[in-house]
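Just below is one structure, and these are the notes that go with it.
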Amino acid sequence: MTKRDEFSKATKQSLASRAGFRCSFPACDAVTVGPSQESDTAISNVGVACHITAAAGGPGARRYDPDMSPEQRRSIHNGIWMCGRHSIEIDRDEVRFTVEKLKHWKIIAEERASIAHSFGADYVDNNSHLFFKELAPSNAVIELEKISGANALIGNAVFDSSIPSVWGKRQAIVVRDLIVELCRNCFNSGSAKKFELNISLNVIEITYDGEEFNIFSLLENDKGRGGKEVLSEVIEHFRDSVAVSYHYELANKVIIHRVADFDELQNKLPCVVSLNFNDLNKAAATLDVHETCGAIYIILPEHFVRSDVNAIESRLSAIQVKGKPVFIVGRDLSDTTINALSSHFPHLEIVHKVS
């Protein structure tokens, strides 16, 4: 039997402590230690100190590196803390769970634990964009040519990325659902032959061929079920954190963007009208240049206040929505300003982000 280069008890304890005794899988974050009912002093620990590269070679060894020394294999640098379930998963699939991916997860898990230790877990969850901007891995890209297996491929791509840690777990779930539903509709209703998904830190870009198929047309489909309901959920309940844009340019393109960095939002979304204070009293805005867009995002200038609502009324009142969702996006708006926007533009959706 091949000798395994096991971690010491001290190394296991350090891995657990540095991860805050939580699973390092991005979409899990399960607490791995707690009291046991066996006695007043007993502890139940369901966490596992896992080897990033295998502790030994041989059949079934995942990510084994023969060039590593025994000291390197049992070093804390080769370990990651996981819950029992995910410790099994990562040791069954070295194609999905690469060395680079596991190392990246470890960095994020320890960073989350460090920030939570200083500011509290709720603060991390509500302000993740402040901490993880520099921790994003290389883009994750998948290509599909059929629906079969799409749920697993798309779900794993979203949950294995930075999306759960940076966007939030609830956002990751609804985004996964939206992409799966879009994929099914593309192949079943849009005659698509190819569906490509590209995931980076703040942006998910989706490209598919076939007939022009606007994701927002699902909202007008009386027979629509899954896709229509999920898109409606995004618009109604996640519009302050998730932006969805569609346009057609030689192929169908959907961009799902995290609403956080306004400068990047303006640069990445093709269907954006950015207002500045010099524009407020000018003639009515026109959206003719965005005929190929499925939704429009109108971004207000920074430090927009209540009296500015009156100034943009003539600018926006003449907009012909033409059945498209139109969003007014503002940052750090007062309740008075938000109420005025809702009153003056009841046909437009208000998206508000607090810095």
Side-chain angles (χ1 to χ4, degrees), residues 119-120 122-133 166-168 170-171 174 201-203 216 231-247 255-290 293-355:
F119 300 99
D122 289 344
Y123 188 81
V124 178
D125 293 338
N126 295 329
N127 299 277
S128 56
H129 63 283
L130 300 177
F131 309 115
F132 301 114
K133 189 169 185 178
V166 179
W167 296 35
R170 293 177 62 244
Q171 285 79 359
V174 76
L201 179 66
N202 286 324
V203 185
F216 291 98
L231 182 57
S232 296
E233 181 183 9
V234 172
I235 293 174
E236 293 173 11
H237 301 296
F238 291 90
R239 63 189 179 198
D240 289 343
S241 57
V242 178
V244 181
S245 176
Y246 167 87
H247 69 288
I255 295 178
I256 305 175
H257 202 295
R258 185 171 67 95
V259 180
D261 188 325
F262 273 43
D263 293 333
E264 186 173 5
L265 191 69
Q266 296 176 62
N267 294 331
K268 289 289 186 179
L269 292 186
C271 302
V272 165
V273 176
S274 296
L275 299 181
N276 59 60
F277 286 111
N278 294 328
D279 292 331
L280 298 189
N281 293 305
K282 291 184 179 180
T286 175
L287 300 183
D288 292 343
V289 294
H290 299 284
C293 293
I296 309 297
Y297 288 83
I298 300 171
I299 299 184
L300 300 175
E302 195 170 6
H303 307 306
F304 188 87
V305 298
R306 169 61 184 87
S307 60
D308 295 323
V309 177
N310 298 330
I312 66 169
E313 186 166 14
S314 61
R315 187 112 170 89
L316 301 184
S317 60
I319 288 179
Q320 299 296 316
V321 176
K322 299 179 181 179
K324 300 178 181 181
V326 179
F327 301 88
I328 298 179
V329 184
R331 177 168 53 190
D332 296 331
L333 303 175
S334 67
D335 290 342
T336 300
T337 302
I338 294 172
N339 292 335
L341 285 167
S342 299
S343 176
H344 282 67
F345 310 107
H347 58 299
L348 307 182
E349 303 284 349
I350 310 300
V351 176
H352 180 223
K353 190 67 179 177
V354 178
S355 299

Salt bridge (charged side-chain N to carboxylate O under 4.0 Å, His left out) filter on E349, not counting sequence neighbours, yields R239
Using the test side chain to side chain contact (heavy atoms under 4.5 Å, CB included), find all partners of S241 that sit at least two apart in sequence or belong to another chain.
-> Q171, F238
Interatomic spacing from CG in L333 to CG in D308 - rounded to 0.5 Å | 10.0 Å
Determine yes or no for a side-chain-to-main-chain donor-acceptor pair under 3.5 angstrom, with D240 supplying the side chain and V351 the backbone.
-> no
Side chain H237, main chain E233, donor-acceptor under 3.5 Å | no
Shortest non-hydrogen pair, I299 vs V272, comes out as CD1-CG1, 3.8 Å
So which of L300, L348, T336 actually passes side-chain contact (heavy atoms from CB on, under 4.5 Å) with L341?
-> L300
Quick one: CD1 on I235 to CG on L231, what's the gap to the nearest 0.5 Å?
-> 4.0 Å
Closest non-hydrogen atom pair between I350 and S342, with its separation = CG1-OG, 3.7 Å
Approximate separation, where rounding is to 0.5 Å, of I296 CD1 and S245 OG = 7.5 Å
Under a 4.5 Å cut-off applied to non-hydrogen side-chain atoms, are I312 and F304 in contact?
-> yes
So do V203 and I256 actually touch side chain to side chain, heavy atoms under 4.5 Å?
-> no
Run the side chain to side chain contact (heavy atoms under 4.5 Å, CB included) check on V244 and V234 step by step: do they pass?
-> CA-CA 8 Å; V244 181; V234 172; 3.9 Å; yes
Could you give the distance from CD1 (I298) to CZ (F327), rounded to the nearest 0.5 Å?
-> 11.0 Å
How long is the gap from CD on E302 to CG on D332, to the nearest 0.5 Å?
-> 7.5 Å
CD1 (I255) and OH (Y297) are apart, to the nearest 0.5 Å, by 10.5 Å
W167 and H257 have their tightest heavy-atom pair at CH2-C, 3.9 Å
Closest non-hydrogen atom pair between F216 and P325, with its separation | CD2-CG, 3.5 Å
